[in-house]
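Working notes, structure below.
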Amino acid sequence: MEPPPDASRLEQDRLDKIAAMRAAHVEPYPWTFAGRTPTVIVRVKAGALNPEETGTEAFRVAGRLTAVRRHGGSAFFDLEDASGPLQLFLRADELGAGGLRTILEWIDGGDIVGATGRSYRTRRGEPSLLVDELQLLAKAIHPPPEKYHGVKDPELRLRQRYVDLLASRESRRMFELRSTVVQGAREFLQGEGFLEVETPTLVQVAGGAAANPFLTHSSYLDQEVQLRVALELPLKRLLVGGMERVFEIGHVFRNEDLDSTHVPEFTMLEAYAAYADYRDMQDWMERLFSQLAQTVARLFPDIPGAVTAPERFLRPFGTVDFVEALEEKSGLSGILDRSLDELKTLARKVGATVPAESPIGTFYDKLFDHYVTPTLIEPTFVLDHPAASTPLAKRHRSKPGRVERFELYIGGVELANAYSELNDPIEQATRFREQLAARGVESYAMDDDFVEALRYGMPPAGGVGFGIDRAVMALSGAASIKDVVLFLPIRRLPGPG
RNA sequence: GGGCCCGUAGCUCAGCCCGGUAGAGCAGGCGGCUCUUAACCGCAAGAUCAGGGGUUCGAAUCCCCUCGGGCCCGCCA
């Protein structure tokens with residue numbers, strides 16, 4: 001019970017109150033509070049009353065006090081639980097002069113309390129609970145943030161997300177929305193017969209995407225292991241194993257910088273369907289996103305970006321051919337026939353800096369990012385990429401030099417990526433070797449066992465993957481991925497030890 | 001990795017250009033108030049001006065370094 005030596009006056013006052021309660025044999029951190037009703041229900045019941053009318057039914061509510069307004073012989077507390085806010089009205093008439101005084105002595109804004117009372121509507125019409133008993137459930141020693149402006153300091157919001165959350169209902173709502181999106185995607189896929197699986201995050205070779213992996217060490221194996229950068233390769237092994245429709249939702253890790261659309265640890269959804277191709281995945285994505293947009297708009301009318309989501313995800317989405325779009329927007333022609341040197345020159349001209357030894361696909365992507373990506377505001381499928389940039393996709397059935405692939409863009413951001421999956425083990429081995437030979441800063445790692453799996457025969461299949469975080473951004477209108485990820489990586493502060 | 005910007009009380013912010021005793025609101029303390037809702041009124045208190053160094057008679061303010069954060073660019077299919 002000894003206060004830390006650096007406790008501020010504010011904290012010391014609250015510690016003193018705890019001591020006073022204990023001296024009076026009142027527990028400031030009791031064990032439970034049974035039989036509570038969400039505040040929203042009391043609000044509705046009290047809202048049906050006439051001003052100054054008291055309801056007949058008793059309720060118990062619990063939550064955090066966000067404001068305390070004292071009036072001598074009475075007081076108004078604002079209490080907030082997950083369902084919303086509710087005003088508590090405390091009067092000496094119900095609590096006794098001594099009872100009210102004790103409450104006001106011991107309770108501060110920010111405390112977690114439980115209250116019992118009847119529904120009541122104030123003279124001004126505010127739905128309230130007329131309190132006849134109020135109990136402290138957890139004393140807050142730190143004072144809450146400023147009640148009107150809340151927490152603005154972005155560093156504080158990052159380092160202590162719980163402070164942001166407890167002060168900001170908007171912030172909490174965003175994560176309720178996120179949960180709705182995850183659940184909606186899961187139910188959609190399950191409804192289409194996909195089996196949800198989990199595969200390891202610790203792998204020997206982080207494959208399935210060109211990205212820098214995090215490295216760590218396994219004591220058990222006494223070997224270096226890596227954190228996965230994609231879900232793709234283990235899930236396709238499951239297709240080899242006879243699972244026909246599988247999906248996974250899980251974290252992948254890419255050892256790269258953080259910005260408004262990238263975060264090193266993020267949540268990926270990938271789904272694979274045997275006896276399907278990328279066109280089937282396209283249809284699924286269109287239906288999934290348009291359905292999610294409607295759900296989100298219905299459940300989150302208080303989030304402006306969510307309300308407009310259904311209009312942004314109206315079906316059918318646009319479609320453009322990768323090469324046609326690039327040639328049209330750039331004014332360049334015969335892009336696939338250009339030499340590596342020509343492409344390098346063109347890429348430099350648009351300000352892209354790429355390592356000199358990068359594979360040719362990198363330059364197509366750079367040019368596309370520069371000329372086309374910013375124009376893809378409405379949901380748009382970009383189809384049939386050059387083969388060189390995509391070693392895990394099947395070559396196009398009718399367009400030479402291309403693969404069967406789409407990326408879904410919205411708001412100039414890549415949302416989803418899908419292929420007709422390459423299932424020819426000989427060609428897969430060749431593509432991996434070409435990637436390794438052309439190795440730039442990063443490349444697709446060679447996963448020998450994956451090729452071995454394909455040699456047992458993988459059915460023709462379509463696969464799709466998308467970042468949950470970016471999907472939530474698109475559906476909520478969030479400006480930054482930081483607004484939709486609860487805990488972000490942040491540098492530790494210098495400290496003792 | 002490069003450029004620009006920010007760090008003042010628990011929180012939200014003034015003060016910095018142009019150097020001269022560190023300010024307000026909220027929260028907290030004391031007093032008043034039985035219908036407020038950013039409650040109100042009065043009194044008192046609360047600061048390592050991110051940290052370190054320099055210039056100066058004098059630095060929150062000017063200069064340098066460090067730490068932390070933000071935005072943009074680069075990197076990240």
Side-chain angles (χ1 to χ4, degrees), chain A residues 6-14 16-17 51-52 66-78 85-95 97 100 105 108-110 120-128 130 140-159 163 167 208-212 229-230 254-264 266 322 351-355 358-359 361-366 368-369 373 382 385-386 388-393 405 407 414 417 440-444 465 479-480 482 488 490-495:
Chain A
D6 60 339
S8 72
R9 279 284 305 282
L10 292 176
E11 291 168 8
Q12 190 56 54
D13 287 336
R14 288 160 181 254
D16 290 345
K17 291 176 188 180
E52 295 196 78
T66 57
V68 172
R69 295 180 292 280
R70 305 172 50 155
H71 289 263
S74 72
F76 296 95
F77 289 0
D78 291 337
L86 176 70
Q87 175 169 275
L88 307 182
F89 186 26
L90 296 84
R91 282 193 307 211
D93 303 349
E94 283 77 23
L95 297 157
L100 181 61
E105 260 171 39
D108 293 295
Y120 176 77
R121 192 135 177 249
T122 63
R123 196 170 295 162
R124 296 278 184 94
E126 179 72 23
S128 307
L130 184 60
I141 294 170
H142 284 304
E146 214 264 0
K147 67 184 173 192
Y148 185 62
H149 299 92
V151 185
K152 291 229 171 119
D153 180 357
E155 182 172 352
L156 179 61
R157 295 181 62 185
L158 271 190
R159 278 190 199 284
V163 178
N212 282 323
V229 298
R254 299 184 180 181
N255 206 343
E256 281 138 11
D257 279 357
L258 181 151
D259 65 25
S260 61
T261 55
H262 298 81
V263 61
F266 63 99
F322 184 100
T353 59
V354 270
S358 296
T362 307
F363 296 97
Y364 296 130
D365 291 337
K366 288 290 163 198
F368 191 87
D369 276 349
T373 299
V382 175
H385 298 56
S389 60
T390 315
L392 291 160
R405 172 184 182 185
E407 289 179 300
E414 181 198 337
N417 185 23
V441 174
E442 303 109 26
S443 182
Y444 285 78
S480 169
K482 294 181 179 184
L488 290 151
I490 188 160
R491 229 171 273 282
R492 94 180 130 257
L493 295 171

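Every chain is numbered from 1 and lettered A, B, ... according to where its sequence line falls, protein lines coming before strand lines. What's counted below: heavy atoms across the whole structure, side chains too, no hydrogens, waters or symmetry copies.
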Opposite nucleotide pairing with C67(B), Watson-Crick or G-U, both atom distances under 3.5 Å
G7(B)
C43(B) and C49(B): how far apart are their C1' atoms, nearest whole angstrom?
27 Å
Please work out if Arg159(A) contacts a base, only the sugar-phosphate, or nothing of the nucleic acid, heavy-atom cut-off 4.0 Å.
sugar-phosphate
Is His71(A) touching bases, backbone alone, or none of the nucleic acid, heavy atoms closer than 4.0 Å?
base
Using the P atom as the point on both nucleotides, what is the distance between C11(B) and A47(B), in whole Å?
14 Å
Closest listed nucleotide, where the reference is the side chain of Pro154(A) and the choices are G28(B), A77(B), G70(B):
G70(B)
Watson-Crick or G-U wobble partner for U36(B), using a 3.5 Å limit on both distances?
none
Base, sugar-phosphate, or nothing: which does Ile490(A) touch, judged by heavy atoms less than 4.0 Å apart?
sugar-phosphate
Any idea which of U12(B), C35(B), A77(B) is nearest the Lys152(A) side chain?
U12(B)
Under 3.5 Å on both distances, the Watson-Crick or G-U partner of G1(B):
C73(B)
Looking at C67(B), I'd like to know if its phosphate oxygens (OP1 or OP2) sit under 4.0 Å from a side-chain N or O belonging to Arg491(A).
no
Is any side-chain nitrogen or oxygen of Lys17(A) closer than 4.0 Å to OP1 or OP2 of G28(B)?
no
Identify the heavy atoms of Pro144(A) and Arg14(A) that sit nearest to each other, and give their distance.
CD-NH2, 3.9 Å
Under-4.0 Å side-chain N/O to phosphate OP1/OP2 contact, Lys482(A) with G69(B)
no
Just do the ring pair (Phe, Tyr, Trp, His ring centres under 6.0 Å) check on His385(A) and Tyr364(A) with the steps written out, would you?
CA-CA 9 Å; His385(A) 298 56; Tyr364(A) 296 130; over 10 Å; no
Is the shortest side-chain N/O distance from Arg91(A) to OP1 or OP2 of C35(B) below 4.0 Å?
no
Under 4.0 Å, counting only non-hydrogen atoms across every strand here, what does Gly150(A) touch: a base, just sugar-phosphate, or nothing?
sugar-phosphate
